[in-house]
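This report concerns only the one structure given below.
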Amino acid sequence: MKTLKIRDLTMRDGQQSSFATRMTQAQIDRCLPFYKEANFYALEVWGGAVPDSTMRYLNENPWTRLETIYRAVGSVSKLTALSRGRNLFGYAPYTDEIIEGFCRNAIESGVGIMRIFDCLNDMENVKSTIKYVKKYGGIADCAVCYTVDPKYPEIGFWDKLRGKKNPAPVFTDSYFVEKAQQLAALGADMISIKDMSGLIPPHRVSSLIRKLKQTISLPIDFHTHCTPGYGLASVYAAIAAGADIVDTNCWWFGDGTGAPALELVYIFCRKLGIELGVNMNAVSKINEQLRTIRTELNLSVFGEEKASPKAFDPATDKVPDEVDKLLDRAITAVQNDDFDTLLYAAQAIEAYFGFPAPNRLVQEAEIPGGMYSNMVAQLKQLKAEEILPRAMELIPSVRLSAGLPPLVTPTSQIVGAQAVSCALDEKAGRPMYTTKSSQFVSLVKGEYGHTPVEISPDFRFKICGVREETPYDTSHYQMQPNPELEQAGGIKLAADEKEVLLLELFPAVATTFLANQKTAAYHAEKKAEAEAAAAPKKEWLPIIGTTVDAPLPGRVLEVRVKAGDKVEARQEVIVLEAMKMENSISAECSGTIRQVFVEAGESVLADVPLVEIVP
């Protein structure tokens, strides 16, 4: 039987795409026992916005998040984290020492697969991470970032007569296949087509996966989103074309701005006789939790309960006849390379279940939804919404001038913000690029790496004041300060390597988080000490009899005698928990209990007297 592996994104990309990465540890803990039963190939749980958000909004330690999930799930599913190559989580490249420390600690804390990508598809930016992930026993999942060529303005009649042409396409199948081959040569263990914007239509992913399967022998994973409406159809096409792994979310976190719902993939594959290896009964239990969590997140993040899809559980519910017919139509279409019909059928299935309709604006503009929303927010803040159409028109020229970077994080935001700045300059009668962000300057200068198209030296000089590409120089890198916290008794802000890495990767957020954590712990300890000092001291009589002593350190679970009780030799008097075992402590002689020195719940050291017995 043909098999397909599933990478579940719910706990990382799923919650990031739909709920601003606000799942608390308590919410995740409710799902973990069922994830252990579900038998997914992999679970994406870390990286992306998770480390920042856990500290910034939830006051939780990101390393604890990862380690808790690993303890609960173990080796049943491989845990996946996301890494932006040399940039890791920031906007500037880090030294190899930081990259190595991050990879080592992530793998020791439970990461089995590191998905590595670079916003420019620059191989130089992923080499170090691939090397260190493999050095410490992780799987290097190397991603090729999918993007599209700009929609250039229509060339006028007279310009055509003069021989003017728009640039030739850059992001062809050959481009992506070549990048995958380069990653394989660097030691990739698997290749992912990473379509963060959901812009890849089914015919394109089918063509690309077939070419990749002919060219390289590594497993191919397909990752996409549903924002412009292609997601589910493209996953169906990828499966038919031979993808080894596809990325999905559980039902209540599926579709919309996220990846397709697992359940819609499952019913498609079941008809084709493709085995997923996932325990769908366990997925049902996960979804019971996620349905409630979805409501909690909507209310806490957005202040309202947003529309939900219809409830559907393929483990217990019959596939509706209308959906069953659409599935048959989708299967026939994909087998005949009829991608228009496939797209229609997939979107009709999503519509039947009440998932969000395609975002036509994003589809037509062919830019990421997040890039568009950032541009709108920027213009609203400036009270200049009327220039949005002009800013959208400028995106192709701004992007081409900057070396045609893929529209992925963070280059999509950089290009979008610069297009807005150029439109504002134009409106104010200033030359375009009078206003430019430091990130745009760094991109054009070459600090992010090699762009797909060479940048004109004249344009680089205009923006940066230099003509030659100038890589970011990590030799001058300075570690973040790690001061002593007077308010926490003089301890260091970062106590170990994991906390030092948080400071390096998220300086402002981690500084606040760690300082608050340590200050709170210090004051709690001082309060406990003060309460203990204020507690009345117990006065004991001088010992004249025989004592029963603690044979080893532990915690008193139960005291079974009191002063004045008669006891026999070998009678149980204390139950002591030590080394996760309950230990029965017995009297060594007969007599009367004169004194009991301990109480239930109290911790004791070895050889400490527990009770006194007199004849």
What pairs of donor and acceptor atoms, side-chain ones from residues 359-368 against any protein atom, are under 3.5 angstrom apart with sequence neighbours left out?
{"residue": "Asn359", "atom": "OD1", "partner": "Leu361", "partner atom": "N", "Å": "3.2"}
{"residue": "Asn359", "atom": "OD1", "partner": "Val362", "partner atom": "N", "Å": "3.0"}
{"residue": "Gln363", "atom": "NE2", "partner": "Pro228", "partner atom": "O", "Å": "2.7"}

**Q.** Gln15 side-chain N/O to Met23 backbone N/O, donor-acceptor pair under 3.5 Å
**A.** yes
Q.
I'd like to know if the side chain of Ser442 and the backbone of Glu447 have a donor-acceptor N/O pair within less than 3.5 Å.
A. no
Q) Given side chains that start at C-beta, do those of Val265 and Cys269 come closer than 4.5 Å, heavy atoms only? A) yes
Q. What's the verdict on side chain to side chain donor-acceptor pair (under 3.5 Å) for His450 and Glu469, showing C-alpha distance, side-chain angles and the deciding distance?
A. CA-CA 8 Å; His450 305 297; Glu469 183 178 273; 2.7 Å; yes
Q | Which residues share a side chain to side chain contact (heavy atoms under 4.5 Å, CB included) with Lys325, sequence neighbours left out | A | none
Q.
For Phe461, I'd like to know if atom CZ has over 12 heavy atoms of other residues, nucleotides or ligands within 6.0 Å.
A. no
Q: Would you tell me whether Ser456 and Asp458 have side-chain atoms, one donor and one acceptor, within less than 3.5 Å of each other?
A: no
Q) Within the side chain of Ser206, is there an N or O that forms a donor-acceptor pair under 3.5 Å with the backbone of Ala241? A) no
**Q.** Exam field: side chain Lys211 to backbone Asp173, donor-acceptor pair closer than 3.5 Å
**A.** no
Q) Any side-chain heavy atom of Val415 within less than 4.5 Å of one from Pro405? A) yes
Q. Is the number of heavy atoms from other residues, nucleotides or ligands within 6.0 Å of CD (Glu454) greater than 12?
A. no
Q: Tell me yes or no: between the side chains of Tyr230 and Asp195, is some donor less than 3.5 Å from an acceptor?
A: no
Q.
Would you say that more than 12 heavy atoms from the other residues, nucleotides or ligands in this model lie under 6.0 Å from the CD of Glu386, or not?
A. yes
Q) For residues Arg22 and Ser300, is any side-chain donor paired with an opposing acceptor at under 3.5 Å? A) no
**Q.** Pair Gln16, Arg12: side-chain N/O donor-acceptor within cut-off below 3.5 Å
**A.** yes
Q. If you count the non-hydrogen atoms of other residues, nucleotides and ligands that lie under 6.0 Å from NZ in Lys310, is the total more than 12?
A. yes
Q. Hey, is the main chain of Tyr41 close enough, under 3.5 Å, to the side chain of Arg7 for a donor-acceptor pair?
A. no
Q) Counting only N and O atoms by type, is there a donor-acceptor contact under 3.5 Å from the side chain of Trp252 to the main-chain atoms of Ala311? A) no
Q.
For a 4.5 angstrom cut-off between non-hydrogen side-chain atoms, does Asp122 reach Tyr448?
A. no
Q. Can you tell me if Gln381 uses its side chain to pair, donor with acceptor, with the backbone of Val376 under 3.5 Å?
A. no
Q) Hey, does the side chain of Asp141 reach the backbone of Ile113 with a donor-acceptor pair shorter than 3.5 angstrom? A) no
Q: Using a 4.5 Å cut-off on heavy atoms from C-beta on, say whether the side chain of Met392 contacts that of Tyr372.
A: yes
Q) Looking at Phe268, Tyr344, Phe222, which hits ring-ring contact (aromatic ring centres under 6.0 Å, His included) with Tyr236? A) Phe268
